[in-house]
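Below you'll find the structure, written out as structure tokens, and then a few comments.
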Amino acid sequence: MASKKKQPQAESFLVQGRPQLDRLANDHDVSDSVFDKRIKPLQEALQRIQQAYLGSRERAVIVLEGWDTAGKGGLVRRLGWTFDPRSFRVHSIAAPNSIEARQHYLQRFWERLPQHGQITVFDRSWYGRVLVERVENLTPEPDWQRAYAEIDSFERMLVDDGVRLVKLFLHISHEEQAQRFRDRMENPLKRWKLSYEDFRNHALWDGYQTAIEDMVERTSTEAAPWHIIPSNDKPFSRLAAFGIIADRLGQGIDTTPRELDAEIRYLAEKTLGGG
């Protein structure tokens, strides 16, 4: 049975100060039927926003971070089913290649920023500098310590240039992650997702949790705030993410569908006839 808790507003997930992930309520329960009912108006809102962006200077970046198995891939698929692919881009960020490794770590993200009218998702992002590179000792401490200020400046430049920036972190509990790993082991269609790094990272939970809390505390700014979404329940998490994205991308935007171009209407009536 679905919980009677109401779906929180976008502001409910905003983070001020240092988060305490162990104390984050993560016991939500949204049934499939409630999810199906609530997701449809959010999908329509996002479709209207995307149409309003076309032909304008509006553009948006969605930064998606979270624990392994937290549901990032499922959320990206849902967004892909909602948006028209002609102005929607997804960049799945892995380790830098041999060329990127010799460049400033932000350079590969500059090259993937959206053009006017586009909406872009980064499935993992520049925050790898202060997460995996920090915890796995891939980057010297002075370099990842310096990255907090660099990232703040980078995001401030994006926002000042008109980019709508939405930052989401999907949080699950240690126990929930372990259960999802077990489920993947049992499901032949999901085993491909498992890797040696998954279990090594699971063992490094405490280090990652400290790094995540540091990241949010030091880079959740007024211009580019973090939203932490409890994600033990996937339907709840996806509804929350869609609500935040629709709220941030739609602020101040007239989403009234545009009138059909007069020349197109004339050509259509001439070609197709009246009626």
Side-chain angles (χ1 to χ4, degrees), residues 6-26 28 42 45-46 49 53 58-67 70-72 75-76 79 90-91 93 105-106 109-110 112-114 118-132 134 144-172 208-231 236-253:
K6 293 182 179 180
Q7 178 71 13
Q9 300 299 309
E11 290 75 11
S12 303
F13 304 99
L14 279 173
V15 180
Q16 295 180 337
R18 185 177 184 84
Q20 294 181 301
L21 295 179
D22 283 340
R23 298 185 181 182
L24 183 69
N26 214 338
H28 304 281
L42 291 171
L46 288 176
I49 290 169
Y53 278 28
E58 295 291 346
R59 59 202 189 281
V61 169
I62 301 168
V63 172
L64 185 58
E65 294 283 354
W67 294 100
K72 297 184 296 299
L75 175 56
V76 170
L79 290 170
V90 176
H91 298 297
I93 303 301
Y105 70 97
L106 288 175
F109 300 105
W110 275 111
R112 292 172 168 85
L113 293 176
Q118 291 185 343
I119 298 170
T120 294
V121 172
F122 284 96
D123 181 3
R124 298 200 183 278
S125 67
W126 44 89
Y127 282 99
R129 190 69 161 186
V130 296
L131 292 177
V132 62
R134 166 185 171 173
W144 63 255
Q145 285 281 9
R146 188 178 68 249
Y148 296 115
E150 293 172 338
I151 288 171
D152 280 348
S153 297
F154 172 61
E155 292 179 347
R156 167 56 73 179
M157 283 190 285
L158 296 183
V159 173
D160 287 349
D161 196 45
V163 174
R164 292 171 182 260
L165 181 60
V166 184
K167 302 191 303 190
L168 307 178
F169 186 89
L170 307 188
H171 175 62
I172 57 175
Y208 270 102
Q209 179 162 295
T210 298
I212 292 163
E213 291 177 350
D214 286 347
M215 173 193 77
V216 173
E217 181 180 26
R218 298 186 64 173
T219 64
S220 189
T221 63
E222 183 177 354
W226 273 106
H227 301 78
I228 297 182
I229 301 177
S231 299
F236 176 88
S237 174
R238 289 168 185 168
L239 286 172
F242 266 65
I244 294 167
I245 294 168
D247 179 74
R248 301 310 178 203
L249 269 56
Q251 287 181 358
I253 298 295

Here the pair of heavy atoms bringing Leu46 nearest to Ala246 is CD2-CA, 3.6 Å
Separation between CD1 (Ile245) and CD1 (Ile49), nearest 0.5 Å, reads 9.5 Å
(request) Let me see the working for Val159 and Glu222 under side chain to side chain contact (heavy atoms under 4.5 Å, CB included), right down to the final yes or no. (result) CA-CA 11 Å; Val159 173; Glu222 183 177 354; over 6 Å; no
Main-chain N/O of Leu21 paired with Glu213 side-chain donor or acceptor, under 3.5 Å:
yes
In this structure, CG of Asn26 is separated from CD1 of Ile172 (nearest 0.5 Å) by 8.5 Å
CD1 of Ile151 to CZ of Arg146, rounded to nearest 0.5 Å, is 11.0 Å
Distance col, row Arg129:CZ vs Met215:CE, nearest 0.5 angstrom, shows 15.5 Å
Checking Thr120, Leu113, Asp161 against Arg59 for side-chain contact (heavy atoms from CB on, under 4.5 Å), the one that qualifies is Asp161
The reported gap from CD1 in Ile119 to CG in Leu79 (rounded to nearest 0.5 angstrom) is 9.0 Å
Separation between CG (Leu158) and CD (Glu155), nearest 0.5 Å, reads 7.0 Å
Minimal heavy-atom distance between Pro19 and Ile228, with the atoms involved, is CB-CD1, 3.7 Å
Only one of Val63, Ile62, Val61 passes side-chain contact (heavy atoms from CB on, under 4.5 Å) with Ser125, and that residue is Val63
Of Trp144, Tyr148, Phe109, the one forming a ring-ring contact (aromatic ring centres under 6.0 Å, His included) with Trp126 is Phe109
Expected output: side-chain Arg164 to main-chain Arg248 donor-acceptor under 3.5 Å:
yes
Worksheet item: For the side chain of His227 and the backbone of Ile244, is there at least one donor-acceptor N/O pair under 3.5 Å apart?
Response: no
Of all heavy-atom pairs linking Ser220 and Pro225, the shortest is OG-CA, 3.5 Å
Review point. In terms of ring plane angle, is the pair Trp67 and His171 parallel, tilted or perpendicular, where the classes change at 30° and 60°?
Key: tilted
Correct closest heavy-atom pair for Ser237 and Ser231 would be OG-OG, 2.9 Å
Heavy-atom nearest pair, Tyr53 first then Leu249, reads OH-O, 2.7 Å
With Glu65 as partner, the option from Lys72, Lys167, Arg124 fulfilling salt bridge (Lys or Arg N to Asp or Glu O under 4.0 Å) is Arg124
**Request:** Say whether, by atom type as modelled, one donor and one acceptor occur between the side chain of Asp123 and the main chain of Val90 under 3.5 angstrom.
**Result:** no
Nearest heavy-atom contact between Ala211 and Val130 is CB-O, 3.8 Å
* Asked: If you count the non-hydrogen atoms of other residues, nucleotides and ligands that lie under 6.0 Å from CZ in Arg156, is the total more than 12?
  -> no
From the list Tyr105, Trp226, Phe122, ring-ring contact (aromatic ring centres under 6.0 Å, His included) partner of Tyr127 resolves to Trp226
- Is it true that a side-chain atom of Arg238 and a backbone atom of Gly71 form a donor plus acceptor pair closer than 3.5 Å? no
Problem - Whether over 12 other heavy atoms sit under 6.0 Å from Gln145 CD - result: yes
